[in-house]
Amino acid sequence: MGIVTPGIVPATTLLAEPAPAWLGRWTAFAAGLAPADIPDAAVDRARLVLLDCLGVIAAGMREPECRALAERLAARRQGPAPAIGSGLSLDPRDAALVNGAAGTTLELDEGNQYARGHPAIHVVPAALAAAQDVGASGADLIAALVLGYEIGARIGIASRLRVTMHPHGTWGTVGAALAVAKLFRADAAGIGRAIGLASSLGLSTSRRTMLEGATVRNTYAGFSNQLGLTAWDLAESGFLPERDGIGTVYGGILADDFSPEAMTEDLGVRWEIARNYFKRHAACRYTHGALDALAQIRAEAGPLDPDSVRSVEVATYVWAAQLDHPAPETMLAAKFSLPFALAAALVRGAADTDAFRDEARSDRRILALARRVMVQEDPTMTAQLPGLRPAKVTLTLADGRKLSAQALTNRGDTEDPYSDDDVREKFRALAGPVWGAERSEAIVRAVAGIDRAEGIGELLALVG
């Protein structure tokens, strides 16, 4: 009698399982959280995260495909929501899509090393659209950002995505949905419906896209924001989620080893947004340890003639070692090539946004040097994940000298953070070419006081 095939559980058994206790605790926590309940350190960080996102979105919007998408969507239907940095106004869902895509295009969006992903860019575009829709205060926007960041990051911490998956477009959808539900002042039940529905709306993201340089990968975060807005509409329209959609999806479909305990450990005490990282190198974070080690070598040795570098050896952890292709064909692929990133930094002096564009990718000196970079996994370094991201770089010069340096973590991580001024300078560098210095400073001031603002209209007018 019953089922004898291994791995198949009868419906009567599945349906008898109670709703998880962690979910009830989370929805009550989120519904009851007031802006005043969030500690100053988390609020300060959230303002900085918001500013950083606005800068990377605006700079990314200048890329041809992002600009073309914004113009195409604007021609189809306009609305009140800004495509940040473009001067165009779109339907809120379209704005969420294009802003999320632009925010990941340059590989400069912030992240969380413990979640192994980039929570904020999956939340900010949706939160801005929803906050504009409901006329939310700046404090409400910050609270929604903090909550959306928190649940997305905690799902990343509590589970382990399949190695073939890219983290963009997965648990970030839940973060976006929670931020939207909070801005619409949902009660615990409404929040539960919204995040439960969102758990079923994650994308089937392929890790190979980043290695091949397939820029569909840049849309994943945009779709998470768009689907976060949609999840709220579905919830309010009466659609029902799976009872434990997050546990099911991240405990055996997109990911494995889901830990309910990790979802509530120190909830309300440890804030994930307060232990995020910011990026200055315009490349995949897996390259940053080696780039930081190279910067140490250059600082200690003084100016180096790239043509005098006979070889570059890199020992690092597994995910960085995977990025070993020396001849990327697209800007995105170049950002996920450790040999190219190091060679470009040696030749051009920095791994900035221009270091991965067409001119750099056709530079024969960079390409020749990239072919002299050898990358090897060091299992002892892999064992130090996720807390550390170590890399050791050794340059062998034509005169036989060897120059070596090691980075234990990435500059910008919680163990070696950038200062607030560093992040603001990054914003100015990205925003200046888009808005000019005066308007960029006005945005800095508006974000600095956002939690005291009655609404976000002034900020949205500045970033449009």
Is the Phe258 ring parallel, tilted or perpendicular to the Trp22 ring (thresholds 30°, 60°)?
-> tilted

Check: Ser86 and Arg67 side chains under 4.5 Å, non-hydrogen atoms = yes

Going by distance alone, is a donor N or O of one side chain under 3.5 Å from an acceptor N or O of the other, for Ser419 and Asp421?
-> no

Using 4.0 Å as the upper bound for N to carboxylate O, is an ion pair formed by Arg411 and Asp416?
-> yes

Got a sec: does the CD of Gln322 have more than 12 other heavy atoms crowding it under 6.0 Å?
-> yes

Arg208 versus Thr164: any side-chain heavy-atom pair under 4.5 Å?
-> no

Without hydrogens or angle criteria, can the side chains of Thr382 and Glu377 be said to hold a donor-acceptor pair below 3.5 Å?
-> yes

Verify the ring-centre separation between Phe184 and Trp232: is it less than 6.0 angstrom?
-> yes

Side-chain (Asp324) to main-chain (Val375) donor-acceptor, under 3.5 angstrom | no

Would you find a donor on one side and an acceptor on the other, under 3.5 Å apart, between the side chain of Asn410 and the backbone of Gly412?
-> no

Answer with yes or no whether the side chains of Asp140 and Ser137 bring together a donor and an acceptor at under 3.5 Å.
-> yes

Examine distances only and state if a side-chain atom of Arg116 and a backbone atom of Leu161 form a donor-acceptor pair shorter than 3.5 Å.
-> no

Would you please test Arg357 and Glu63 for salt bridge (charged side-chain N to carboxylate O under 4.0 Å, His left out) and show each step?
-> CA-CA 11 Å; Arg357 299 191 186 280; Glu63 296 303 305; 2.8 Å; yes

Any idea how Phe29 and Trp271 line up, ring-wise: parallel (<30°), tilted (30 to 60°), or perpendicular (>60°)?
-> tilted

Pairwise side-chain contact, Pro119 with Trp171, heavy-atom cut-off 4.5 Å (strictly under) = yes

Please confirm whether the backbone N or O of His168 pairs with a side-chain atom of His166, one donor and one acceptor, at under 3.5 Å?
-> yes

Does the Arg428 side chain pair with the main chain of Glu441, one donor and one acceptor, at a distance under 3.5 Å?
-> no

Check: Leu211 main-chain N/O paired with His325 side-chain donor or acceptor under 3.5 Å | no

State whether Trp319 and Arg207 meet the cation-pi test: NZ (Lys) or CZ (Arg) under 6.0 Å from the six-membered ring centroid, and within 45° of the perpendicular axis.
-> yes

Main-chain N/O of Ile155 paired to Ser159 side chain as donor or acceptor, under 3.5 Å | yes

Counting N and O atoms only, with roles assigned by atom type, does the side chain of Asp91 sit under 3.5 Å from a partner on the main chain of Gln78, one being a donor and the other an acceptor?
-> no

Heavy-atom count around Arg270 CZ within 6.0 Å, excluding the residue itself: above 12?
-> yes

Arg77 vs Asp94, salt bridge (charged side-chain N to carboxylate O under 4.0 Å, His left out): CA-CA, chis, key distance, verdict = CA-CA 9 Å; Arg77 57 181 179 184; Asp94 290 341; 3.0 Å; yes

Just checking, any donor-acceptor pair under 3.5 angstrom between side chains of Glu242 and Thr248?
-> yes

Does Arg193 make a cation-pi contact with Phe239, if we ask for NZ or CZ under 6.0 Å from the ring centre and within 45° of the axis?
-> no

Hey, is the main chain of Ala46 close enough, under 3.5 Å, to the side chain of Asn276 for a donor-acceptor pair?
-> no

For the pair Asn112 (side chain) and Glu272 (backbone), establish whether a donor and an acceptor sit closer than 3.5 Å, ignoring hydrogens and angles.
-> yes

Among Arg285, Lys335, Lys279, side chain to side chain donor-acceptor pair (under 3.5 Å) partner for Glu107 | Lys279

